[in-house]
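Small disclaimer: the values here were computed from a predicted structure and weren't measured.
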Amino acid sequence: MAGITNAEFAMKLIPYGFDTVTIGGYNTDNESIEACEKIIARGRKEFNYPKEEIYEVIENEVNTIKDNFDVTVSANLRGTTPDPLIEISKIKNLDIIEINCHCRQEELVAVGCGQSMLLRPDLEDYIKEVVKKSESKVSMKMRANVEGVDNLEIAKLAEDCGVDYLHIDAMKKGVRDADFDLIRQISENTNIFIIGNNSINSIAQAEKMLNAGANGISIARAAISGKLNFDLNEIKI
């Protein structure tokens, strides 16, 4: 959750059973930074820092978490080109960089970031470049059911490019629940590690996502207050 999930926020949630936390999303180049300035101007909360400061900002956030908890740390990154993501992957204690193919804010979509990445003709080259040169593991967060996008085709592309984790926001327009059928379809047709996201607000929903074929789950809005009303250690599958 941009503008919310920093080190301070993540450390409030770790005791509820999280073994991995994702900070960000962070803007890494001039295009994404300028787009985010427009988003902030209309009142949306975001993380946005000068390009020359972003490496140090993320490094400090990562080290703050690592100094207090033994967890895996991922940074969700927006960028029109692979280079700044690759540079951020060099942060010593950062375990995962996550390619943001997820955000749907119009300003980011207009510059080729967020969910519009899924429609870019150079997406394969972009992912391959990040995977090849990254000094950390690579995740890709995708928004499901974007108009004009073949979800399974994208999942297979991510797998073929060597992505370590496919983080799927399994939203479906008009449905007030996660698209568990999509998670099942991708699980049955790929071998990629799937992190299932969307509508996980209870142990039952977490188990439903895992039973649909996800290898792990992520929680966002149910944790927006900085706490959960359930303990992830109670999950049974």
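Residue pairs satisfying the side chain to side chain donor-acceptor pair (under 3.5 Å) criterion with at least one member in residues 12-27, sequence neighbours excluded, are listed as follows: Asn27-Asn48, Asn27-Arg78. Listed by first then second residue, pairs satisfying side chain to side chain donor-acceptor pair (under 3.5 Å) with a partner in residues 204-215 read Asp177-Gln205, not counting sequence neighbours. Within the structure, every pair that satisfies the salt bridge (Lys or Arg N to Asp or Glu O under 4.0 Å) test and touches residues 154-175, not counting sequence neighbours, is listed here: Arg143-Asp169.
A donor-acceptor pair under 3.5 Å is formed between the side chain of Asn145 and the backbone N or O of Met171. Side chain of Lys66 to main chain of Val71: a donor-acceptor pair is present (N/O by atom type, distance under 3.5 Å, no hydrogens or angles). Ser116 places a side-chain N or O within 3.5 Å of a backbone atom of Cys113 that can act as its donor or acceptor partner. Not one N or O on the side chain of Ser187 forms a donor-acceptor pair closer than 3.5 Å with the backbone of Ile183. Between the side chain of Glu61 and the backbone N or O of Ala7, at least one donor-acceptor pair lies under 3.5 Å. Of the possible polar contacts, one joining the Asn100 side chain to the Cys103 backbone as a donor-acceptor pair under 3.5 Å is found. Under the 3.5 Å distance criterion, the side-chain polar atoms of Ser89 are matched with a main-chain donor or acceptor of Ile86.
The 12-atom threshold is exceeded at CD of Glu135, counting heavy atoms of other residues, nucleotides or ligands nearer than 6.0 Å. Within 6.0 Å of atom CG in Asp70, 12 or fewer heavy atoms from other residues, nucleotides or ligands are found, so the atom counts as exposed in its surroundings. When the shell of 6.0 Å around CZ of Arg120 is examined, it contains more than 12 heavy atoms from other residues, nucleotides or ligands. More than 12 heavy atoms of other residues, nucleotides or ligands shown are found within 6.0 angstrom of CZ on Arg184.
In the hydrophobic clustering of this structure, Phe230 groups with Leu210; members are Ile, Leu, Val, Met, Phe, Trp, Tyr whose side-chain heavy atoms approach within less than 4.5 Å, directly or through other members. The hydrophobic cluster containing Ile192 does not contain Ile96, counting ILVMFWY residues as joined when their side-chain heavy atoms lie under 4.5 angstrom apart, directly or transitively. In the hydrophobic cluster analysis, where Ile, Leu, Val, Met, Phe, Trp and Tyr join through side-chain heavy atoms closer than 4.5 angstrom, Phe69 is grouped together with Val73. When the side chains of ILVMFWY residues are joined at heavy-atom separations under 4.5 Å, either directly or via intervening members, Leu94 and Tyr49 end up in a single hydrophobic cluster. Hydrophobic clustering, with ILVMFWY side chains joined whenever heavy atoms are under 4.5 angstrom apart, keeps Ile88 apart from Ile33.
Side-chain contact between Leu77 and Ile54 is absent, with no heavy atoms from C-beta onward closer than 4.5 Å. Counting heavy atoms from C-beta on, the side chains of Ile195 and Ile168 never come closer than 4.5 Å. Within the 4.5 Å cutoff, side-chain heavy atoms of Lys51 are placed close to those of Asn30. A heavy-atom distance below 4.5 Å is not found between the side chains of Tyr165 and Met140. The shortest distance between side-chain heavy atoms of Leu232 and Ile219 falls below 4.5 Å. Using a 4.5 Å heavy-atom threshold, the side chains of Ile91 and Asn63 count as separate. Inter-residue side-chain proximity for Gln105 and Arg42 is flagged as met; some heavy-atom pair is nearer than 4.5 Å. Asp95 has its side chain out of reach of Lys137: every pair of non-hydrogen atoms, C-beta onward, lies at least 4.5 Å apart.
A pairwise comparison of heavy atoms in Val111 and Ala35 identifies CG2-CB, 4.2 Å as the closest pair. In terms of heavy-atom proximity, Met209 sits nearest to Ala178 at CE-CB, 3.8 Å. Of all non-hydrogen atoms in Thr5 and Gly24, the two that sit nearest each other are OG1-O, 2.6 Å. Shown here for Gly148 and Leu119, the closest heavy-atom pair between the two residues is O-CD2, 3.6 Å. Taking every heavy atom of both residues into account, Leu228 and Ala222 meet most closely at CD2-O, 3.6 Å. Closest heavy-atom contact between Ser139 and Glu98: OG-OE2, 2.7 Å.
Atom OG1 of residue Thr64 and atom CG of residue Asn6 lie 9.5 Å apart, to the nearest 0.5 angstrom. Atom CD of Glu153 and atom CG of Asn189 lie 13.0 Å apart (nearest 0.5 Å). Glu147 contributes atom CD, which lies 13.0 Å from atom CG of Leu118 (distance to the nearest 0.5 angstrom). Note that CD1 of Ile154 and CG of Leu123 are 5.5 Å apart. Values are rounded to the nearest 0.5 Å. Once rounded to the nearest 0.5 Å, the distance linking CD1 of Ile97 with CG of Asn76 reads 10.5 Å. Atom CE of Met11 and atom CZ of Phe18 lie 15.0 Å apart (nearest 0.5 Å).
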Subject >> Chi angles and distances behind the side-chain hydrogen bond (donor to acceptor under 3.5 Å, both in side chains) call for Asn198, Asp179 >> reply: CA-CA 8 Å; Asn198 196 286; Asp179 188 348; over 6 Å; no
Original post:
Does the pair Ile23 and Ile65 meet the rule for a side chain to side chain contact (heavy atoms under 4.5 Å, CB included), with working shown?
Top reply: CA-CA 10 Å; Ile23 55 175; Ile65 296 170; 3.9 Å; yes
**OP:** Tell me, with the steps shown, if Thr190 and Leu152 meet side chain to side chain contact (heavy atoms under 4.5 Å, CB included).
**Re:** CA-CA 9 Å; Thr190 71; Leu152 182 56; 4.3 Å; yes
**OP:** Please test Ile99 against Met117 for side chain to side chain contact (heavy atoms under 4.5 Å, CB included), starting from the C-alpha separation and ending with a verdict.
**Re:** CA-CA 9 Å; Ile99 304 170; Met117 292 276 293; 4.0 Å; yes
**OP:** For side-chain hydrogen bond (donor to acceptor under 3.5 Å, both in side chains), just list the numbers for Gln115 and His102, CA-CA rounded to whole Å, side-chain angles, deciding distance to a tenth of an Å, and then say yes or no.
**Re:** CA-CA 4 Å; Gln115 67 179 33; His102 173 256; over 6 Å; no
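Scored by the side chain to side chain donor-acceptor pair (under 3.5 Å) test, Asn197 finds Ser218 as partners (sequence neighbours excluded). Every residue was checked against the ring-ring contact (aromatic ring centres under 6.0 Å, His included) condition with Phe9, not counting sequence neighbours, and none meets it.
The pair Lys128-Asp125 fails the salt-bridge criterion, with no side-chain N (NZ, NE, NH1 or NH2) lying under 4.0 Å from an Asp/Glu carboxylate O. One finds no salt bridge joining Glu34 and Lys38 here, because no Lys/Arg side-chain nitrogen approaches an Asp/Glu carboxylate oxygen to under 4.0 Å.
For the residue pair Asp29 / Ser32, a side-chain donor-acceptor distance below 3.5 Å is found, with atom types taken as modelled.
Clustering of Ile, Leu, Val, Met, Phe, Trp and Tyr by side-chain heavy atoms under 4.5 Å joins Val109 with none of the others.
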